Amino acid sequence: MQTVPANEINDAAPSALSHLIGQGSVVDQVKVALDAANEDNLPFPSTLAVGPAGCGKTQVAKVIAVEMCSDFHEVLGQAIASAADFNALLLDAKDRDVVLIDEAHELEKEYQTSLFLAIDQKRIFLQGVRSGRAPQSIPLADFTLLLATTDEFRLLQPLRDRMKLALRFEFYSEDELAELLKQRSLALGWKVADKIYRRIAQRSRGTPRLGLRLLQSCRRVCRSEGEQAITIAHLDRACGLEQIDPLGLGPTEQQYLCILGEGDTRLNVIASRLGLPARTVSQVTEPFLIRAGLLIKDDQGRRQLTAEGRAHLSKNCANGV
């Protein structure tokens with residue numbers, strides 16, 4: 001009987017530590033901690049996972065839960081909006097469960113404080129309603145707390161310091177991304193031309209989430225044409241539909257480079273011409289351009305193209321903005 005290929009990219013996410021690609025240092029740390037926890041029959045240590053968005057923090061947390069044969073609880077930091085939300089999350093966890101607070105930097109400071117007290121004393125404290133009444137406490141199970149964040153500085157230092165393990169995620173290399181994409185397509189049962197993996201990796205900005213999203217787009221184009229095998233033509237059409245250039249730049253970034261092609265320019269001028277707030281340009285549009293070596297800032301804050309930026313612009317920029 002022929003296996004029917006899966007349709008969604010996340011239907012075949014890795015569930016074992018040995019299946020993870022990239023993040024070698026993180027995987028080594030997790031393996032040692034898992035082995036020690038299993039030898040001593042203890043929960044996995046409380047952990048801080050720090051790094052760029054889309055580089056595998058949540059996936060590693062899920063793998064830890066599977067490897068520990070534990071239940072997995074996941075919540076976004078901004079979803080904890082009341083003491084009831086906070087208490088319910090911690091009280092629902094059983095011994096050896098894994099509790100992930102993703103985007104932990106979005107937690108209000110009062111809950112960050114309550115969290116490090118809970119970690120220290122394995123109890124949560126309920127403030128008495130009447131003035132002067134001592135707070136009551138409820139014991140907590142011996143579970144694992146994982147905090148995932150892209151903005152470590154927004155977590156209180158006492159909370160950061162109480163994490164027993166710090167996992168620092170990095171951007172992926174093109175080789176790692178190509179290997180990850182191939183692994184995922186094989187697990188899904190998708191037929192993909194070998195040359196596609198490297199081309200998608202080059203457009204993924206070092207981020208698996210972006211590469212997997214583009215692979216899913218290629219699959220969508222392929223199936224829209226009634227075909228089974230994903231080809232270079234499907235990749236080209238998917239990139240055209242999403243307006244992605246060979247470096248993975250979107251339309252806003254391409255327009256940004258075209259503006260700088262006219263000469264060194266200040267942020268406010270660029271933002272005005274793009275029709276975007278200056279903060280959006282500096283925090284969303286510019287970071288990858290700087291990381292990719294296409295852009296620098298001079299002492300007066302003017303943006304300048306590098307030699308790499310000019311070379312990319314000459315090959316890929318449309319006719320002006």
Side-chain angles (χ1 to χ4, degrees), residues 17 20 22-81 83 85-125 137-171 208:
L17 194 64
L20 294 178
Q23 306 298 348
S25 175
V26 167
V27 171
D28 288 345
Q29 284 180 277
V30 171
K31 185 179 186 306
V32 169
L34 283 170
D35 290 344
N38 288 325
E39 285 291 331
D40 296 334
N41 195 28
L42 292 172
F44 192 86
S46 295
T47 299
L48 176 64
V50 180
C55 285
K57 298 185 293 297
T58 300
Q59 189 61 54
V60 167
K62 291 178 179 178
V63 167
I64 289 171
V66 171
E67 296 280 3
M68 291 293 296
C69 300
S70 303
D71 289 340
F72 182 69
H73 309 259
E74 180 181 6
V75 66
L76 292 174
Q78 55 264 50
I80 300 176
D85 294 334
F86 178 83
N87 294 339
L89 174 68
L90 300 188
L91 291 171
D92 282 348
K94 305 181 294 296
D95 286 344
R96 294 173 66 89
D97 280 4
V98 174
V99 177
L100 170 67
I101 302 180
D102 201 0
E103 299 185 19
H105 54 272
E106 296 290 352
L107 272 173
E108 297 290 342
K109 293 295 186 284
E110 62 178 300
Y111 299 127
Q112 292 191 35
T113 302
S114 298
L115 197 54
F116 72 68
L117 290 175
I119 293 170
D120 262 355
Q121 303 185 33
K122 292 294 182 184
R123 309 179 75 85
I124 58 172
F125 295 88
S137 66
I138 302 175
L140 294 172
D142 195 10
F143 59 83
T144 296
L145 176 67
L146 299 180
L147 301 180
T149 179
T150 56
D151 298 329
E152 184 179 4
F153 71 94
R154 291 175 59 187
L155 292 175
L156 296 175
Q157 183 173 348
L159 178 57
R160 300 197 307 266
D161 292 346
R162 281 165 172 79
M163 297 293 103
K164 297 177 181 177
L165 195 62
L167 304 178
R168 301 199 175 273
F169 290 71
E170 299 176 346
F171 289 109

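Just so we're clear, the structure is a prediction, and the values are computed from it rather than from any experiment.
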Please assess Thr150 against Lys57 for the test side-chain contact (heavy atoms from CB on, under 4.5 Å), listing each intermediate value before the final yes or no.
CA-CA 10 Å; Thr150 56; Lys57 298 185 293 297; 4.0 Å; yes

Between [X] and [Y], is any pair of side-chain heavy atoms under 4.5 Å apart?
| X | Y | answer |
| --- | --- | --- |
| Gln121 | Leu140 | no |
| Val60 | Phe169 | yes |
| Leu100 | Lys62 | no |
| Ser46 | Arg162 | no |
| Leu90 | Phe143 | yes |
| Leu115 | Leu147 | yes |
| Asp151 | Glu106 | no |

Rounded distance [0.5 Å steps], [atom1] in [X] versus [atom2] in [Y]:
| X | Y | atom1 | atom2 | value |
| --- | --- | --- | --- | --- |
| Leu159 | His105 | CG | NE2 | 13.0 Å |
| Leu155 | Phe116 | CG | CZ | 12.0 Å |
| Cys69 | Asn38 | SG | CG | 8.0 Å |
| Arg160 | Glu152 | CZ | CD | 5.5 Å |
| Leu48 | Lys164 | CG | NZ | 14.5 Å |
| Ile64 | Leu165 | CD1 | CG | 8.0 Å |

Contact summary for [X] and [Y], nearest pair of heavy atoms:
| X | Y | result |
| --- | --- | --- |
| Ala79 | Asp85 | O-OD2, 3.5 Å |
| Pro208 | Gly54 | CD-O, 3.2 Å |
| Ala93 | Ala141 | O-CB, 3.3 Å |
| Gly22 | Val27 | O-CG2, 3.8 Å |
| Ala83 | Tyr111 | N-OH, 3.1 Å |
| Leu42 | Arg96 | O-NH1, 3.1 Å |

Using only atom types and a distance under 3.5 Å, with no angle test, would you say the side chain of [X] pairs donor to acceptor with the backbone of [Y]?
| X | Y | answer |
| --- | --- | --- |
| Lys31 | Leu17 | no |
| Ser70 | Val98 | no |
| Arg123 | Ala118 | no |

So if I apply the side-chain hydrogen bond (donor to acceptor under 3.5 Å, both in side chains) rule between His73 and each of Asp92, Thr144, Asp97, which one comes out positive?
Asp97

Which residues satisfy the side-chain contact (heavy atoms from CB on, under 4.5 Å) test with Lys109, sequence neighbours excluded?
Gln112, Leu156

What residues form a side-chain contact (heavy atoms from CB on, under 4.5 Å) with Ile138, not counting sequence neighbours?
Leu91, Ile124, Leu126

Taking atom CD as the centre, does Glu170 end up with more than 12 heavy-atom neighbours from other residues, nucleotides or ligands that are less than 6.0 angstrom away?
no

Flag if over 12 foreign heavy atoms under 6.0 Å of CD, Gln78
yes

Start with the C-alpha gap between Thr149 and Arg154, add the side-chain angles, then the distance that decides, and say whether side-chain contact (heavy atoms from CB on, under 4.5 Å) holds.
CA-CA 9 Å; Thr149 179; Arg154 291 175 59 187; over 6 Å; no

